[in-house]
Amino acid sequence: MAEKLNAKQRKFQTAILLWFAKHCRDLPWRRTCDPYKILVSEVMLQQTQVDRVIPKYEAFLHKFPTVKKLARAKCFSVIKLWSGLGYNNRAVRLHQAAQEIVRHYQGALPRSIEALERLPGIGSYTARAIQAFAFDQHVAAVDVNHARVVRRIFYGINMPSEKELDAVCVSLVPIREAYAWNHALMDFGALICKNRPRCDICPFRSTCAAYPDVLNVTRTKKRTTESFFGSNRYFRGSIVETLRNTPRYRIEYRMLWQKMNGQYPIILKRFRQLIHALESDHIVEITRIRSRSFVQLA
């Protein structure tokens, strides 16, 4: 692959690895090559910031130090420990993945992309991240930071097709340096080439195709994200958090709705839809005791 690179790409390869050697983040999942621990970190890092993940990662591994211990655990204990990370269906999928790994792979994570992607909650990026960081395979683990850096450096503010960008990201991975390379692009995107980039300290500013146009774009870009409070995600999280803090992780159905309604107005019909969605995701269960219905963590 290296012979296909142009001079700018080769120079970038060398420079980003040198930058990483000086500025790499010391993160707990980078102190291990245990595939299970790397799997846990990658699932936690999906849509959750690094500083929130670190204490949860350490607490999770203290409770479930091996994939077999996680597989044997009750699902509600995994969801309970997931508090603060959001997107509780990730906890359920991680628990299901552990059970699949024990059942079909004797407790050892598979190495192939196809087998990894068949595990619950493991998509294309996570599978490649496990390959790169646990098995040191020659792959490009392209997350949003990785893609942003490559796009800005080589394409400017233009948007290449996803296929073209992926091809360039793959071609850039240096031989025998996939582990450091993928971490380097992630760190550079998280620390320097952020959504609002630190062009003032960027070592690639003079050759970056996006500079200085990217500064004008990020200054004028307006946020269009919907309000979190009152959203389905807000109520789903509130329901699960209420159950986490309830004895035996169970509460009477109507009492739970009243608690939710007291925090933020929600009609009963919408509440029922959210409960049934959580039940479909195997996060909660609905049980009947005599004439009363209860909601509990799965």
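- Listed here is the closest heavy atom pair of A209 and F154: CB-C, 4.0 Å.
- With values rounded to the nearest 0.5 angstrom, I192 atom CD1 is found 7.0 Å from C202 atom SG.
- Between R198 and K194 the shortest side-chain heavy-atom distance falls below 4.5 Å.
- By the 4.5 Å heavy-atom criterion applied to side chains, L243 and K80 are not counted as neighbours.
- Residues V50 and F188 do not share a hydrophobic cluster, defined by chaining ILVMFWY side chains whose heavy atoms lie under 4.5 Å apart.
- A parallel orientation is assigned to the rings of F20 and H183, their planes being inclined by less than 30° (bins at 30° and 60°).
- Surrounding CZ of R248 are at most 12 heavy atoms belonging to other residues, nucleotides or ligands under 6.0 Å away.
- Looking only at side-chain heavy atoms (C-beta outward), V168 and Y155 come within less than 4.5 Å of each other.
- A chain of hydrophobic side-chain contacts below 4.5 Å, direct or via other Ile, Leu, Val, Met, Phe, Trp or Tyr residues, connects F60 to I130.
- In this structure, the separation between CG on N182 and NE2 on H138 is 9.5 Å, given to the nearest 0.5 Å.
- Residues V284 and Y87 fall into different hydrophobic clusters, defined by Ile, Leu, Val, Met, Phe, Trp and Tyr side chains chained together at heavy-atom separations under 4.5 Å.
- Atoms CD1 and CG, from I275 and L256 in turn, are 5.0 Å apart once rounded to the nearest 0.5 Å.
- Judged by distance alone, the side chain of R250 and the main-chain N or O of L297 form no donor-acceptor pair under 3.5 Å.
- Taking CG of N88 as the reference point, atom CD1 of I239 lies at 10.5 Å (rounded to 0.5 Å).
- Side chain of R236 to main chain of N232: no donor-acceptor pair is present (N/O by atom type, distance under 3.5 Å, no hydrogens or angles).
- No chain of hydrophobic side-chain contacts below 4.5 Å, direct or via other Ile, Leu, Val, Met, Phe, Trp or Tyr residues, connects I113 to W181.
- A 4.5 Å side-chain heavy-atom check between V102 and R72 finds every atom pair outside the cut-off.
- Heavy atoms of other residues, nucleotides or ligands lying less than 6.0 angstrom from NZ of K11 number 12 at most.
- For the pair D143 and R148, the salt-bridge criterion is not met [side-chain N within less than 4.0 Å of a carboxylate O].
- Ring geometry for F76 against Y249 counts as tilted: the plane angle lies between 30° and 60°, on a 0 to 90° scale.
- A distance of 10.5 Å separates OH of Y36 from NZ of K69, quoted to the nearest 0.5 Å.
- Ion pairing between R151 and E164 fails under the 4.0 Å rule for side-chain N and carboxylate O.
- Salt bridge absent: D200 and R205 never bring a charged side-chain N and a carboxylate O closer than 4.0 Å.
- Hydrophobic cluster membership differs between I16 and F133, with clusters built from Ile, Leu, Val, Met, Phe, Trp and Tyr side chains linked at under 4.5 angstrom.
- Side-chain N or O atoms of E252 include one that pairs as donor or acceptor with a backbone N or O of M255 at under 3.5 Å.
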Item to complete: Could you check F294 against Y253 for ring-ring contact (aromatic ring centres under 6.0 Å, His included), going step by step and ending with a plain yes or no?
Response: CA-CA 5 Å; F294 290 82; Y253 193 101; over 10 Å; no
Worksheet item: Yes or no on side chain to side chain contact (heavy atoms under 4.5 Å, CB included) for V53 and S41, after CA distance, side-chain angles and deciding distance?
Response: CA-CA 8 Å; V53 168; S41 71; 5.7 Å; no
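- R176 CZ: 12 or fewer foreign heavy atoms inside a 6.0 Å radius.
- S238 places a side-chain N or O within donor-acceptor distance of the main-chain N or O of Y234, the cut-off being under 3.5 Å.
- At most 12 heavy atoms of other shown residues, nucleotides or ligands fall within 6.0 angstrom of atom CZ in R254.
- Side chain of Q13 to backbone of L172: a donor-acceptor contact under 3.5 angstrom is found.
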Worksheet item: Passes side chain to side chain donor-acceptor pair (under 3.5 Å), R128 versus S124? Steps please.
Response: CA-CA 6 Å; R128 283 162 176 76; S124 176; 2.9 Å; yes
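- Taking CG from N6 and OG from S171, the interatomic distance works out to 9.0 Å, rounded to the nearest 0.5 Å.
- Checking side-chain atoms of D213 against main-chain N and O of I157 turns up no donor-acceptor pair under 3.5 Å.
- At distances below 3.5 Å, not a single donor-acceptor pair connects side-chain atoms of R152 with backbone N or O atoms of V214.
- Counting non-hydrogen atoms of neighbouring residues, nucleotides and ligands closer than 6.0 angstrom, the NZ atom of K56 exceeds 12 such neighbours.
- V78 is listed as a side-chain neighbour of L70, based on a closest heavy-atom distance under 4.5 Å.
- Contact check for N145 versus C193: no side-chain heavy atoms found under the 4.5 Å cut-off.
- In this structure, H146 contributes its side chain and A141 its backbone to a donor-acceptor pair below 3.5 Å.
- Although no hydrogens or angles enter the test, the distance criterion places no donor-acceptor pair under 3.5 Å between the side chain of T32 and the main chain of W29.
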Worksheet item: When you look at D187 and W19, which way does the side chain to side chain contact (heavy atoms under 4.5 Å, CB included) test go after all the steps?
Response: CA-CA 10 Å; D187 279 10; W19 177 90; 3.9 Å; yes
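- Between the R90 side chain and the L85 main chain, a donor and an acceptor come within less than 3.5 Å of each other.
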Worksheet item: Passes ring-ring contact (aromatic ring centres under 6.0 Å, His included), F271 versus F235? Steps please.
Response: CA-CA 8 Å; F271 174 76; F235 282 119; 8.6 Å; no
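- No donor-acceptor contact under 3.5 angstrom links the side chains of Q46 and Y125, judged on distance only.
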